[in-house]
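Notes follow once the structure below has been shown.
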Amino acid sequence: MPAVCPRCFWLAMNADKPFQIFPGIFSAIDSYGKNVVHGWFDRYGKPPEWLAPLGKIRTYRNPPHFSKFAVLDEATSILLRGTPDGIFLMQDGSHTIIDYKTAKFTEYQDDLFPMYEAQLNAYAYIGERLDLKPVSKLALVYTEPVTGAAAAADDSNLTPEGFRMGFRARILEVEINPDLVSRLLKTAASILQSASPSAGIDGCKDCAALASLLRLASA
Ligand code: SF4
């Protein structure tokens with residue numbers, strides 16, 4: 001991220017419980033999207049129409065748990081691991097890795113895009129070193145909630161238990177960039193090798209607020 005704070009990264013990686021920045025509801029929706037796609041494949045033997053921009057998909061592969069989808073980077077001794085939302089085996093034998101994002105589609109204007117780009121490239125980096133070689137495509141699948149007046153006035157969206165909300169899928173391809181992951185691994189190692197956190201970024205009010213709390217607590 002352009003405004004990354006090395007101090008925050010050091011603290012997050014050394015705290016007992018890593019920080020969670022996303023509310024759990026988004027993970028639930030992303031997981032639901034994955035189950036919808038896999039269920040469609042299982043029933044009809046083909047992907048849903050809205051995945052057509054990804055190219056010719058032969059089938060899906062169940063994303064491995066992060067304990068299995070992991071590689072140790074020898075140069076930095078960092079164990080890089082994660083769990084992609086979706087892996088597709090393409091007709092040409094290569095793989096496409098996707099990640100669902102429940103958010104409005106903004107092409108490359110999403111403030112979090114640099115983080116998503118690193119995330120998907122990390123999956124490609126791991127996949128290429130395990131059994132997903134070659135990874136030919138990376139993509140974000142944005143699922144936008146359909147919340148306009150027409151949807152709200154649609155009687156079929158009301159059920160005896162509550163109401164339904166649809167999602168519109170939009171696909172954004174992300175460039176494969178192995179150098180990005182190597183560079184980030186080196187940066188991460190240089191921050192984590194330090195015995196104590198560096199200074200925070202200038203002007204961050206949260207660190208100043210924490211310092212004043214600690215002063216009060218020790219008074
Ligand atoms: S300066 Fe801000 S971003 Fe950095 S460690 Fe402090 S609270 Fe976190």
Side-chain angles (χ1 to χ4, degrees), residues 1-31 33 63 65-67 69-85 97-126 138-145 170 172-219:
M1 296 288 285
V4 69
C5 171
R7 179 181 178 80
C8 230
F9 180 64
W10 190 99
L11 290 170
M13 298 309 287
N14 284 285
D16 282 346
K17 188 173 185 306
F19 303 168
Q20 168 62 273
I21 63 169
F22 290 114
I25 185 71
F26 293 111
S27 303
I29 297 171
D30 295 347
S31 171
H65 186 261
F66 67 79
S67 57
F69 200 66
V71 291
L72 181 68
D73 178 58
E74 303 281 347
T76 59
S77 300
I78 288 179
L79 181 66
L80 185 64
R81 61 188 190 178
T83 299
D85 283 340
I97 301 177
I98 64 165
D99 208 71
Y100 295 103
K101 300 294 178 200
T102 306
K104 281 220 179 296
F105 178 76
T106 55
E107 296 252 359
Y108 299 97
Q109 302 305 311
D110 192 328
D111 287 347
L112 298 177
F113 181 77
M115 192 162 71
Y116 298 157
E117 182 186 28
Q119 177 190 7
L120 274 170
N121 269 288
Y123 294 151
Y125 187 94
I126 299 167
L138 302 173
L140 295 168
V141 179
Y142 280 88
T143 49
E144 299 176 319
R170 308 276 300 271
L172 182 68
E173 199 169 326
V174 172
E175 193 183 333
I176 297 176
N177 182 357
D179 293 344
L180 172 69
V181 179
S182 302
R183 185 162 52 77
L184 289 173
L185 283 168
K186 283 194 195 108
T187 305
S190 74
I191 296 169
L192 295 174
Q193 274 157 9
S194 168
S196 58
S198 60
I201 47 179
D202 283 345
C204 178
K205 291 186 179 138
D206 291 340
C207 247
L210 177 62
S212 86
L213 275 177
L214 292 173
R215 270 197 304 278
L216 281 175
S218 65

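One-based numbering, in listed order, for ligands and for the atoms of each.
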Notebook entry, point to check: Can you tell which part of C207 has a heavy atom less than 4.0 Å from ligand 1: side chain, backbone, both or neither?
Noted result: both
Next item on the list: Give the residue, atom name and distance (to 0.1 Å) of the protein heavy atom nearest atom 2 (Fe) of ligand 1.
Entry: C204 SG, 2.3 Å
Note to self: For a quick test of reading the model, state the closest non-hydrogen atom pair linking I97 to P84 and the distance between them.
What the structure shows: CG2-CB, 3.7 Å
Item checked: Side-chain touch Y116/V174, heavy atoms, less than 4.5 angstrom -> no
Check: What's the shortest heavy-atom distance between I126 and A70, and which atoms?
Finding: CG2-N, 3.7 Å
Checklist line | Minimum-distance pair of heavy atoms, taken over all atoms of T83 and P63 | finding: CG2-CB, 4.2 Å
Next item on the list: Using a strict cut-off of 4.0 Å, indicate which atoms of ligand 1 neighbour a heavy atom of D206.
Entry: 7 (S)
Checklist line | Per-atom contacts, ligand 1 versus R7 - under 4.0 Å to a heavy atom | finding: 5 (S)
Margin query: On a heavy-atom basis, I'd like to know which of P6, C8, C5 is closest to atom 8 (Fe) of ligand 1.
Written below: C8
Next item on the list: Kindly give the heavy-atom pair with the smallest separation between E175 and L138, and that separation in Å.
Entry: O-CD1, 4.2 Å
